[in-house]
Amino acid sequence: MATLTTKSNIPIDVTDDELKLWFQFQKFYSREAWALDQRRYHDWLEMFTEDTHYFMPRRKNVRFKELDREVTGEDDLAAIFDENKTIMRIRVERLETGTAWAEDPPSRTRHLITNLEVEPRANGEVKARTAFLVYRSHLETEETLYAGGREDTLRHVDGKWKIAKRVVVLDANVIMAKNLSVFF
Amino acid sequence: MVLTKKHQVIDLKTGQLSGHIFVDPDIYPQELKQIFGRSWLMIGHESLVAKPNDSLHTYIGKDPVILVRDGKGKLHAFLNRCTHRGNRTCRVDDGNEKFFTCAYHGWIFANDGKLTHVPGYEEAYYGELHRETHALKKARIDTYAGIVFATWDQHAPSLEEYLGDARWYLDTVFNRLESGTEAYGPIKWMEPVNWKTPVDNCSDNYHVPLSHGSSAGLETAYLGRPRTTLDEQFKSPSKHLSVNGHAITFRMSQPGDVRRAHGVTNENLHLFEQYYKETQADAERHLGKFRAGHVQLANHSIYPNGVLGFRLALPRGPMLTEFWHFVVVEKAMPRELKKALANGSVSNNGPAGLFEQDDLDNWRQVTDGTRTPMGQSLPQDLSMGLNHSGRHDEYVGEVSERYISESNQRKFYQRWEEFMNAEDWGDIALQPRTASYEGTATMKG
């Protein structure tokens, strides 16, 4: 998680293997963004493992010398999102009930996903970091821009990469939005 | 004494409410002075500033405030305003610091508020500046069961009188056990609504099955959440009542019943049952057999801006509210259950909340509906349950006959009028405390 906000040294030289992996995940995240913006939420949900953990910590104002505590940890009991696939499934399925008022009529979103870095792990998993700008337009005139970073742990399951853990860090202290009813 | 009522917004005979109070740019600054300037307001929790020199940046309404525990362990709340030119002396959300240094000219204040250093005290001020009178502006503070309240008004009654017998009910969640509670947070976000609407909504149990049906239904299916239907709410023997503008609803329960908060699921229910069974004797010692066994606080608001317990609607403009979500759990609870309640809390309330996110457009549009040219000429209707509330033999407060009523909302706006029309606390009534407080629980825990 800390890697989303602290420095990490990324070598510039690229091997063919790295290029292949990077390109593979570039496509993965592009497809995810289209699934969300085209409101194919079940397809989106399929991109997560059954035991996935979806986490969004808080982001605090702290002094420069204390930046290690800027982003709250998993021991904090007031994360913005801290949930399993069942809750994510409820989020998706409720959109079909006709009474999920925050998203009915639905928001118009545009997920711009960029700055991809991919890091293979010895255990066969992959860590992938992306940055995002999510534009949301809702009802007549409301507009919101959510900016942040994501760090995923991806696992190969039945021939497909799936997100086994996602940490989303918003670049906001007071979230300047009426709610977080869109997905990141 | 006030002879003429400047603000008359709720008609208690008909339940009609003037909508201009949600949008009028002239009303809002008066509210900051008349209501937020003299009420006891929740600003923090002792557990968030547990150690000497811990601080939490918070607000008394719109005034930025540092809640700090000094080196000797004493709590203070200071206006975050340098006494030189008014700059903030603290820019972090929380920390552990002995001093607050103004970034403008370097005045330094100790965390007990004293001005300890002024650059050029001799050379520029000729040693003539009265450092003693330039301490940080201090608010009155007091605590209830670990929750820290503050007020600017030196003439306000005690916090105990201010809460009055609302505490009899609040105790069943915030003061159930002697070992107390701990808080986490806040999660902060900005709602494009007037601060009164989310407060009013707290005792609106009428909206729950309709506004929150999609999430409630799926949580029943996936997590075993007890079904919430209008019919069940209409027939419920649970109560809806108001004391001093604090709006209370509670459920009647049996000893050892699990409080079905968000986060209690089919999977962990047996663990909660065990916990409630194990702590029932402690709860009875603390609150007496009746409260510990039969009263479970449900949706409620603490006047003026406490929304469902220790969560704050901070005024930021006639049409803007900064919302702070805190998670509060009993200290005695096993970590696993604290975590379950915390996860349930943030996935249902807060900006990502499956329940709370569905409120926002209703609240915004309710507000908008009083702003349009035709809309502003029309009242809101709060007539539900008129003439169906009063004194109750067992329960103190203005008690509704049914669980579903708009009596609490009428009382809230009546309290709003009272504060807005009052010259000072002499014009604001407090219900005498008549409830019987069995058990060892006090205001302090």
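Since the structure is predicted, the reported quantities are computational estimates derived from the model, not experimental observations.
- No side-chain heavy atom of A/N84 sits less than 4.5 Å from a side-chain heavy atom of B/N343.
- Under the 4.5 Å side-chain criterion, counting only non-hydrogen atoms from C-beta, B/D361 is in contact with A/H138.
- Residue contact with chain B, scored on non-hydrogen atoms closer than 4.5 Å, involves the backbone and the side chain of A/A100 alike.
- The closest side-chain heavy-atom distance from B/R364 to A/L139 is below 4.5 Å.
- Here the side chains of A/D82 and B/K339 are in contact, with some heavy-atom distance below 4.5 Å.
- Here A/R69 contributes atom CZ and B/D94 contributes atom CG; the two are 4.5 Å apart, rounded to the nearest 0.5 Å.
- Contact count against chain B (heavy-atom pairs under 4.5 Å) is highest for A/A78 among A/G98, A/S181, A/A78.
- Here A/D104 contributes atom CG and B/S214 contributes atom OG; the two are 9.0 Å apart, rounded to the nearest 0.5 Å.
- For a residue to count as touching a neighbouring chain, one of its non-hydrogen atoms must lie under 4.5 Å from one of that chain's; by this rule B/N362 does not touch chain A.
- Looking at A/A172, neither its backbone nor its side chain comes within 4.5 Å of chain B, counting heavy atoms on both sides.
- With a 4.5 angstrom heavy-atom cutoff, A/R63 touches chain B via backbone and side-chain atoms both.
- Heavy atoms closer than 4.5 Å to chain A are found in both the backbone and the side chain of B/Q357.
- A distance of 9.0 Å separates CD of A/E142 from CG of B/L360, quoted to the nearest 0.5 Å.
- Ranked by non-hydrogen atom pairs under 4.5 Å with chain B, the options A/T97, A/V174, A/I175, A/L77 are led by A/L77.
- Ranked by heavy-atom pairs under 4.5 Å with chain B, the list A/D76, A/N173, A/V182 is led by A/N173.
- Expressed to the nearest 0.5 Å, how far OH of B/Y184 lies from OG1 of A/T72 amounts to 12.5 Å.
- With contacts defined as side-chain heavy-atom distances shorter than 4.5 Å, the pair A/K178/B/D359 does not qualify.
- For a residue to count as touching a neighbouring chain, one of its non-hydrogen atoms must lie under 4.5 Å from one of that chain's; by this rule A/T86 touches chain B with the side chain only.
- For a residue to count as touching a neighbouring chain, one of its non-hydrogen atoms must lie under 4.5 Å from one of that chain's; by this rule A/E83 touches chain B with the side chain only.
- Neither the backbone nor the side chain of B/L341 comes within less than 4.5 Å of any heavy atom in chain A.
- Looking at B/E356 and A/N179, their side chains never come closer than 4.5 Å, going by heavy atoms from C-beta outward.
- Looking only at side-chain heavy atoms (C-beta outward), A/D75 and B/R335 come within less than 4.5 Å of each other.
- By the 4.5 Å heavy-atom criterion applied to side chains, A/N61 and B/R91 are not counted as neighbours.
- More than 12 heavy atoms of other residues, nucleotides or ligands lie within 6.0 Å of CZ in A/R108, so this atom counts as buried by the packing criterion.
- Interatomic distance, B/H325 NE2 to A/R58 CZ, rounded to the nearest 0.5 Å: 10.0 Å.
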Next on the checklist: Is there a side-chain contact (heavy atoms from CB on, under 4.5 Å) between A/I87 and B/L354? Walk through the geometry before answering.
Outcome noted: CA-CA 9 Å; A/I87 304 295; B/L354 281 159; 4.0 Å; yes

